[in-house]
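All values reported here derive from a predicted model rather than from experimental measurement. For this chain, numbers begin at 1 and follow the sequence in order.
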Amino acid sequence: MSALRRFVGQILISTTTRISVRRTASVTTETREWMSNAARLGNDSEDEPYPLTKEEAFTFVTSKLKISDPETLIAKDRMTFLNQVVKRMKEETPFATFYFFLSPPAWEMDEHHCKNWMLSGKGGNCWVINTFMKALLECLGFKAHHVCGYTQGDDYWDAHISTIVEDVAYPSSSHLVETGVRIHISSPVPLDFVVESPEYRFHHKTLKFFKKGDELIACTQTATTEHRDEGIMYDSRGTPWKTQITYHLSERRNGPAYLKCVLDLLRKTEMAGNRFRAPFNGMVLFAYLTKEKAVISVLAYHDEIDVRRFHEDGRVERSEMNKSDLLAFLMEQFPQYSEREYLEVFKRCLTH
């Protein structure tokens with residue numbers, strides 16, 4: 001199996017970001033301390049403010065998300081506006097690990113770097129996108145909080161952070177807003193169901209959500225039950241669904257404090273000379289191509305490049321590209337990054 005195939009397998013098997021921190025005896029003292037600290041980040045009464053101003057929020061909505069007159073839209077119909085914001089975030093903001101290979105590297109960043117990264121339209125992973133998204137919505141007048149989650153099959157700590165928006169459709173309503181994952185979840189998901197949600201078609205994937213105690217379980221449609229012990233859920237008709245992300249609805253997280261813990265852990269890992277695992281040892285980009293109405297995935301590792309277009313009808317196109325082809329494609333599609341930045345990422349991720 002090639003290095004890229006192993007890398008792609010690690011990426012495509014999941015929908016959130018992960019690093020190699022295991023809930024086993026091999027977990028270091030620093031990691032145990034980090035997990036202990038992360039578990040205490042749930043008290044919203046001690047919520048650290050995210051460094052985003054109301055003026056920056058409205059400027060981002062009009063300039064980057066291209067939504068005109070947001071104040072009027074919010075006053076007229078908050079639910080319609082929320083749908084627009086989520087849709088435009090998924091279309092305009094790529095899920096990308098590029099910031100991990102640029103200066104300053106991720107382990108030297110703070111919440112101010114992450115904010116500026118988002119304001120420039122460069123995107124990021126869940127840590128960057130979803131912490132910004134909650135702050136953005138709050139600046140726009142919405143009530144929101146963070147919850148944690150994990151990817152099915154991982155024995156890692158709960159590395160994922162997501163957003164729940166409250167009281168929009170009606171008092172006490174709640175919606176999952178998930179702009180910081182690879183799956184193209186392009187609208188808020190209402191959480192007013194008891195056991196299982198309706199089916200949702202998000203671009204090329206069909207999703208269903210289940211509730212089990214404190215857990216909200218996001219699943220994609222699957223045609224196989226071969227691995228019954230790996231998160232197969234069954235709906236009321238007996239149809240199998242593959243678990244992708246499990247959220248802990250009652251475990252709230254503080255975004256800026258969580259970012260500080262994550263970045264501190266990355267810093268310690270780097271200083272210790274430990275190797276990062278996918279997606280932090282290769283180039284990852286998932287984004288929406290508006291003109292083609294396709295979701296693109298770009299994965300690059302060692303001397304191999306994997307580029308795929310996912311179409312709404314389920315078709316998947318693979319493109320053969322060398323480094324020059326990839327550079328030209330990225331600069332055309334994602335001009336928010338400079339040629340220098342792309343070359344810096346290539347230098348870190350590709351060997352030839």
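Within the 3.5 Å criterion, the main-chain N or O of L73 finds no donor-acceptor partner in the side chain of D77. Side chain of K87 to main chain of S186: no donor-acceptor pair is present (N/O by atom type, distance under 3.5 Å, no hydrogens or angles). With D214 contributing its side chain and S250 its backbone, the two residues share a donor-acceptor pair below 3.5 Å. Side chain of E196 to backbone of S236: a donor-acceptor contact under 3.5 angstrom is found. In terms of modelled atom types and a separation under 3.5 Å, the side chain of S338 and the main chain of E341 share a donor-acceptor contact. Judged purely by atom type and a 3.5 angstrom limit, H146 has no side-chain atom pairing as donor or acceptor with the backbone of E251. Distance alone, capped at 3.5 Å, places no donor-acceptor pair between the T93 side chain and the K90 backbone. Looking at D167, its side chain does come within 3.5 Å of a backbone N or O of S172 through a donor-acceptor pair. Side-chain atoms of K211 come within 3.5 Å of backbone N or O of L191 as a donor-acceptor pair. Checked by atom type and distance alone, the side chain of R78 never pairs as donor or acceptor with a backbone atom of F81 at under 3.5 Å.
When each of W127, W117, F60 is tested with F132 by the rule ring pair (Phe, Tyr, Trp, His ring centres under 6.0 Å), just one qualifies, namely F60. Of the candidates E138, K134, E166, H145 forms a side chain to side chain donor-acceptor pair (under 3.5 Å) with just one, namely E166.
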Should H184 and K205 be marked as a side chain to side chain contact (heavy atoms under 4.5 Å, CB included) after you check the CA-CA gap, both sets of side-chain angles, and the distance that decides it?
CA-CA 8 Å; H184 194 73; K205 286 188 177 291; over 6 Å; no
Output, in order, the C-alpha distance, side-chain angles, deciding distance and verdict of salt bridge (charged side-chain N to carboxylate O under 4.0 Å, His left out) for R88 and E91.
CA-CA 5 Å; R88 297 300 294 155; E91 291 176 348; 2.5 Å; yes
Quick one, E92 with K66, criterion salt bridge (charged side-chain N to carboxylate O under 4.0 Å, His left out). Give me CA distance, side-chain angles, the key distance, then yes/no.
CA-CA 9 Å; E92 297 294 330; K66 302 178 177 66; 3.5 Å; yes
Can you list the steps and then say if M283 with L330 is a side chain to side chain contact (heavy atoms under 4.5 Å, CB included)?
CA-CA 12 Å; M283 176 179 164; L330 292 173; 3.2 Å; yes
I'd like to know whether M118 forms a side chain to side chain contact (heavy atoms under 4.5 Å, CB included) with L136, so could you lay out the CA-CA distance, the side-chain angles of the two residues, the decisive distance to 0.1 Å, and finally the verdict.
CA-CA 11 Å; M118 286 297 298; L136 177 74; over 6 Å; no
Just do the salt bridge (charged side-chain N to carboxylate O under 4.0 Å, His left out) check on K115 and E56 with the steps written out, would you?
CA-CA 10 Å; K115 180 196 76 170; E56 288 172 328; 3.0 Å; yes
List the steps, then state whether side chain to side chain contact (heavy atoms under 4.5 Å, CB included) holds for K347 with F101.
CA-CA 9 Å; K347 184 178 179 180; F101 307 103; over 6 Å; no
Would you check, one step at a time, whether the test side chain to side chain donor-acceptor pair (under 3.5 Å) holds for Y301 with D306?
CA-CA 9 Å; Y301 184 57; D306 184 280; over 6 Å; no
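S173 and V168 get closest at one heavy-atom pair: OG-N, 3.1 Å. Pairing each heavy atom of Q336 with each of P94, the nearest pair is NE2-CD, 3.8 Å. Contact between D325 and E320 at its shortest, heavy atoms only, is OD2-O, 4.3 Å. Heavy atoms only, all atoms of each residue included: L52 and A57 are closest at CD2-CB, 4.2 Å. Annotation for T222 and P240: closest pair CG2-O, 3.4 Å, computed over non-hydrogen atoms. In plain terms, the two heavy atoms of A300 and L350 that are nearest each other are CB-CD2, 3.8 Å.
Between R308 and E317, the closest side-chain pair of non-hydrogen atoms is not below 4.5 Å. The side-chain heavy atoms of L140 and V61, taken from C-beta on, include a pair separated by under 4.5 Å. Side-chain contact between H311 and H204: absent, with no pair of heavy atoms (C-beta onward) separated by less than 4.5 Å. Taking the side chain as every heavy atom from C-beta outward, V307 and I305 approach each other to under 4.5 Å. In this structure, I232 and W241 have side chains that are not in contact, with every pair of non-hydrogen atoms separated by 4.5 Å or more. Contact of the V147 side chain with the H248 side chain is not registered, since no non-hydrogen atoms from C-beta on lie closer than 4.5 Å. Side-chain contact check for Y234 versus T239: every heavy-atom pair is 4.5 Å or farther apart. V295 is not listed as a side-chain neighbour of L289, based on a closest heavy-atom distance of 4.5 Å or more.
Under the 4.5 Å side-chain heavy-atom criterion for Ile, Leu, Val, Met, Phe, Trp and Tyr, I217 and Y200 are members of distinct hydrophobic clusters. Taken together through direct or relayed side-chain contacts under 4.5 Å among Ile, Leu, Val, Met, Phe, Trp and Tyr, L207 and V189 form part of one hydrophobic cluster. Hydrophobic clustering of Ile, Leu, Val, Met, Phe, Trp and Tyr side chains at less than 4.5 Å, counting indirect connections, keeps V181 apart from M233. Y150 is not connected to F210 by any chain of hydrophobic side-chain contacts under 4.5 Å among Ile, Leu, Val, Met, Phe, Trp and Tyr, and they are in different clusters.
To the nearest 0.5 Å, atoms OG (S120) and OH (Y337) are separated by 7.0 Å. For the atom pair CD of Q84 and CD1 of I74, the computed distance is 10.5 Å after rounding to the nearest 0.5 Å. Within the model, atoms CD of E304 and SG of C349 stand 14.0 Å from one another, a figure rounded to the nearest 0.5 Å. Put simply, CG on N322 and CG on L326 are 8.5 Å apart, with the number rounded to the nearest 0.5 Å. The OG1 atom of T163 sits 14.0 Å away from the NE2 atom of H175 when rounded to the nearest 0.5 Å. Taking CD1 of I245 as the reference point, atom CD of E215 lies at 13.0 Å (rounded to 0.5 Å).
For the 3.5 Å distance criterion, the side chains of E178 and S162 qualify, holding a donor opposite an acceptor. Side-chain contact of N116 with H113: a donor-acceptor pair under 3.5 Å is absent, judged by distance alone. Under the 3.5 Å distance criterion, with hydrogens and angles disregarded, a donor-acceptor pair is assigned to the side chains of N130 and T179. Q244 and T220 share a side-chain donor-acceptor pair at under 3.5 Å.
Here E344 pairs with R340 in a salt bridge; the nearest charged N to carboxylate O distance falls below 4.0 Å. A salt bridge is absent between R201 and E312: the closest approach of a Lys/Arg side-chain nitrogen to an acidic carboxylate oxygen does not fall below 4.0 angstrom.
Aromatic pair F193/F209: centroids not less than 6.0 angstrom apart.
A cation-pi arrangement is not found for R315 relative to F310, the charged atom failing to lie both closer than 6.0 Å to the ring centre and inside a 45° cone about the ring normal.
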